Novice: 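Sharing a structure below in structure tokens format, with a few things to ask.
Predicted model only: the values in this text are computed from it and were never measured. Whatever order the structure lists them in is the order used to number ligands and atoms, beginning at 1. Counting begins at 1 with the first residue of the sequence. All heavy atoms count here, side chains included; hydrogens, waters and symmetry mates do not.
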Amino acid sequence: MLTMGIDIGSTTSKCLVLEDGRRVAGSALVRAGLGTDGPEEACQKALREAGAAMDDLARRAATGYGRAAWREADASVSELTAHALGGRFLFPEARTVIDVGGQDAKVIGLDAQGRMAGFVMNDKCAAGTGRFLDVMAGVLKLRVEELEAVCARSAAPASISSTCTVFAESEVISQLASGTAVPDVVAGICASVAARVAALAKRVGVKEQVVMSGGVAQNGGVRRALEGALGVPIATSPLAQLTGALGAALYACQQCEK
Ligand code: ADP
């Protein structure tokens, strides 16, 4: 039995086809989110990879910021539930899922059985989200994919003290003007995001195993700074950015089994 999960985000559309709730048959990530044809493209790509057609799917569930906009969905599921399900599928011992996406950050606490025990969310401020990294990468003329490698060359991370993205952008520009090395500026930017996310995580209470999902999980600079701020190792998967789509596909599968 095939189910599909689609996660329509602010910057990207992620789609995943799951076989019998156990095996990932196909997945796709398209860098175009809500209000574009990104969702449709991601859906077609994931189906192609799975060697399946829309009619082969037993059920489809949508999640993410733009989930209400996808007409093909049989069901919709909250991002919190999707990330909890997906995080736990990837790491069966997960007790804390930290999702940092393009425009928000969420921390989900799970009990030993994987049920949601609490959560906190920042969807009001770009600081502590992927948006902050996207803006700063733009200032530095770097791609977000490059931030990790540049950060690794830092000898002494710069201090980015502004908590507001707009002010932090000016701070980065003046750091560069005063001769601070680019790797140190990047390390300061990663540490700034990590500090914001760590403050969020501490409000939920951090229980191991800690898992990071969302696009920003791929940025090792942020991940390592977060490990330092929380004092615990953080597990992540190559499917981190697809965790929401995976959770939605699992949700669709659970509904079929009921
Ligand atoms: P959304 O669901 O809101 O679109 P995602 O979970 O897809 O958000 O995450 C998007 C964010 O992830 C971007 O803002 C960017 O900062 C970050 N990101 C995406 N791809 C990468 C990558 N390859 N390396 C580092 N960071 C990335």
Novice: In terms of atom number and element, which parts of ligand 1 are under 4.0 angstrom from non-hydrogen atoms of E145?
Specialist: 22 (C), 23 (N), 24 (N)
Novice: Would you say E148 touches ligand 1, if touching means a heavy atom closer than 4.0 Å?
Specialist: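 No.
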Novice: The test is side-chain hydrogen bond (donor to acceptor under 3.5 Å, both in side chains); show your working for S162 and E171 and say whether it passes.
Specialist: CA-CA 7 Å; S162 302; E171 210 181 330; 2.6 Å; yes
Novice: Near G214, which atoms of ligand 1 are under 4.0 Å from a heavy atom of that residue?
Specialist: 6 (O)
Novice: May I ask which of A126, G9, G221, S10 has a heavy atom nearer to atom 3 (O) of ligand 1 than the others do?
Specialist: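 Selected option, by shortest heavy-atom distance: S10.
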Novice: Among protein heavy atoms, which sits nearest to atom 2 (O) of ligand 1, and what does the distance come to when rounded to 0.1 Å?
Specialist: K14 NZ, 2.7 Å
Novice: Among all the protein's non-hydrogen atoms, which is closest to atom 15 (C) of ligand 1, and how far away is it?
Specialist: D134 OD1, 3.2 Å
Novice: Heavy atoms only: give me the nearest S213-D99 pair and the separation to one decimal.
Specialist: OG-CB, 3.2 Å
Novice: Could you walk me through whether Q255 and R59 pass the side-chain hydrogen bond (donor to acceptor under 3.5 Å, both in side chains) check?
Specialist: CA-CA 8 Å; Q255 285 195 320; R59 203 164 170 83; 2.6 Å; yes
Novice: Can you sort out which atoms of ligand 1 are near G130, meaning under 4.0 Å from one of its heavy atoms?
Specialist: 14 (O), 16 (O)
Novice: Any atoms of ligand 1 less than 4.0 Å from a non-hydrogen atom of T11? List them with their elements.
Specialist: 1 (P), 4 (O), 8 (O), 10 (C)
Novice: Out of E146, M136, Q218, indicate the one that has the non-hydrogen atom closest to atom 20 (N) of ligand 1.
Specialist: Q218
Novice: State plainly whether one hydrophobic cluster holds both V211 and M121, where clusters connect Ile, Leu, Val, Met, Phe, Trp and Tyr through side-chain heavy atoms under 4.5 angstrom apart.
Specialist: no
Novice: Starting from atom 6 (O) of ligand 1, find the nearest protein heavy-atom neighbour and note its residue, name and distance.
Specialist: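 The closest one turns out to be G215 N, 2.9 Å.
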Novice: Using salt bridge (Lys or Arg N to Asp or Glu O under 4.0 Å) as the criterion, list what pairs up with R71, not counting sequence neighbours.
Specialist: none
Novice: Using only atom types and a distance under 3.5 Å, with no angle test, would you say the side chain of T96 pairs donor to acceptor with the backbone of K207?
Specialist: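 Yes; judged by distance alone, with no hydrogens or angles, the pair exists.
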Novice: Hey, mind stepping through E148 and R224 against salt bridge (charged side-chain N to carboxylate O under 4.0 Å, His left out) and telling me if it holds?
Specialist: CA-CA 10 Å; E148 175 173 359; R224 276 182 280 280; 2.9 Å; yes
Novice: Write out the residue and atom name of the closest protein heavy atom to atom 19 (C) of ligand 1, then the distance separating them to 0.1 Å.
Specialist: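 Going by distance alone, atom 19 (C) of ligand 1 is nearest to Q241 NE2, 3.8 Å.
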Novice: Could you tell me which atoms of ligand 1, counted from 1 in the order shown, lie closer than 4.0 angstrom to a heavy atom of G101?
Specialist: 5 (P), 6 (O), 8 (O), 9 (O)
Novice: Considering only NZ, NE, NH1 and NH2 on the basic side and carboxylate oxygens on the acidic side, decide whether E208 and R95 come within less than 4.0 Å.
Specialist: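 The answer is no: the pair does not qualify as a salt bridge.
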Novice: Can you report which non-hydrogen protein atom sits closest to atom 8 (O) of ligand 1, along with the distance?
Specialist: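 Answer, as residue, atom name and distance: G102 N, 2.8 Å.
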